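Below is one structure, written out as structure tokens; comments come after it.
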2 protein chains.
Amino acid sequence: MTVLFSKKCELALQSVLYLSILPKGTIESADNISKQIKAPREFVSKILQSLTDVDIIKSKKGKFGGFSLAKDPKEIKLIDIITAIDGDYVFDSCVMGFPGCSDENPCPMHEKWAKLREESLQMLSTNTLADLYEITKRKIEKI
Amino acid sequence: MTVLFSKKCELALQSVLYLSILPKGTIESADNISKQIKAPREFVSKILQSLTDVDIIKSKKGKFGGFSLAKDPKEIKLIDIITAIDGDYVFDSCVMGFPGCSDENPCPMHEKWAKLREESLQMLSTNTLADLYEITKRKIEKI
DNA sequence: TTTTTTTAAGACAAAAAATTCCGATATTAG
DNA sequence: CTAATATCGGAATTTTTTGTCTTAAAAAAA
Ligand code: SF4
Ligand code: SF4
């Protein structure tokens, strides 16, 4: 298997992107969200719970309850969602898993990967939900 | 978890890189290789078996048996090892896992990732074991 | 207040990935 | 030939990840 983010993380990104195109303040139930992104409801629900813990989204119980963004889409960077789910070591760990890794003793692919990793991290750290608004909207509508 | 290659694939890369710095034709046992890369012997052994199936390395049974490169390090591209273990869909699948993915209907991160993915694939497709010789040697010696 | 709806929390189950075990077979040395 | 050493192939086990269920608690409506 070759994967960049865990399933949880993928679904977290999808869910939050979905929330980000709804009118500001909209509360959407886990049920609706899961239907939209075509993923198991209970699983999505669980993932969203952990995003509320880090204040990316907020939840409301009871009738007409659900989840909504906790802040402005401009304030939510993609990397925030990723680290919330997959941890902060995200771009620290290595593609090669070579033992004894350090700057003085880099593994054969270090130099080659370092650039790509840095670019990826950069991309995820600069882009916010707001930046993806248009294309997210187009995508969601067509699913 | 955030991972690019599976554990198997990482160990495959490490094992083959190790073989590539040994004098041409050297036969090394799974036991030695696993010690060198500090990984479970039986697991390494299993992984090496599947690499023999695709003629990246060859094996020899019996006393003084083991594994050795099946061809010149110049002929073995990194991507060959990766596809042998993780399959050819390696860079086809997506970071986002958005449903309904297609060129006309790309997901929000498509454009941003496409470039990075292409660069990664390019890097893995152009580099051979021979290209990494010097740094691999330095790395292995220091582990 | 009672009912309905929805999240919260945690145990539980299933699936996938990683790792080990074992019996068979091949190879070489003595 | 026999003993020793390795890979081979497949089953079995363990661990991690993914996904489900069940019960409780909160909120709104009746
Ligand atoms: S040296 Fe670089 S490429 Fe190698 S294991 Fe460490 S971080 Fe990864
Ligand atoms: S559109 Fe691009 S980024 Fe999105 S799921 Fe498809 S390949 Fe991945």
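The basis for the numbers below is simple: all heavy atoms, side chains too, and nothing from hydrogens, waters or symmetry mates. A quick note: this is a predicted structure, and the numbers were derived from the prediction, not measured. A, B, ... follow the sequence lines: proteins, then strands. Residue 1 opens every chain.
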Minimal non-hydrogen separation, B:Ile56 against B:Ala84, with atom names: CD1-CB, 4.2 Å
Pair of N/O donor and acceptor under 3.5 Å linking D:dG10 base with B:Lys46 side chain: yes
Atom pair distance, as rounded to whole Å: CG in B:Leu11 and P in C:dT20: 11 Å
Heavy-atom closest pair, residues B:Ile81 and B:Ala12: CG2-CB, 3.9 Å
Polar pairs (N or O, both sides) under 3.5 Å between protein and nucleotides 26-30 of chain C?
{"from": "C:dT27", "atom 1": "O4'", "to": "B:Lys61", "atom 2": "O", "distance (Å)": "3.4"}
{"from": "C:dT27", "atom 1": "O2", "to": "B:Lys63", "atom 2": "N", "distance (Å)": "3.2"}
{"from": "C:dT28", "atom 1": "OP1", "to": "B:Lys60", "atom 2": "NZ", "distance (Å)": "2.9"}

Below 4.0 Å: OP1/OP2 of C:dA8 and any side-chain N or O of A:Ser59: yes
Whole angstrom value for the distance that separates P of C:dA15 from NZ of A:Lys7: 15 Å
Taking every non-hydrogen atom, the tightest pair across B:Ser68 and B:Thr26: CB-O, 3.1 Å
Nearest heavy-atom neighbours spanning A:Ser45 and A:Ala30: CB-CB, 4.0 Å
Minimum-distance nucleotide to A:Ser29 side chain [options: C:dA8, C:dT20, C:dT7]: C:dT7
Non-neighbouring partners of A:Lys61 that pass side-chain contact (heavy atoms from CB on, under 4.5 Å), sequence neighbours left out: none
d(CD1, B:Ile47; P, C:dT20) in whole Å: 11 Å
Whole angstrom value for the distance that separates C1' of C:dA16 from CZ of A:Phe43: 13 Å
Considering all heavy atoms, the nearest A:Lys71-A:Ile76 contact: CG-CG1, 3.8 Å
Spacing between B:Glu10 atom CD and C:dA18 atom C1', to the nearest angstrom: 12 Å
Whole-Å gap separating C1' (D:dT7) and CG (B:Leu51): 14 Å
A:Gly65 vs A:Asp53, nearer the 5' end of DNA chain C by closest nucleotide: A:Gly65
Check: A:Lys77 main-chain N/O paired with A:Asp80 side-chain donor or acceptor under 3.5 Å: yes
Spacing of B:Leu48 atom CG relative to D:dA6 atom P, expressed in whole Å: 15 Å
Distance in angstrom units between B:Glu28 CD and D:dT7 P, rounded: 10 Å
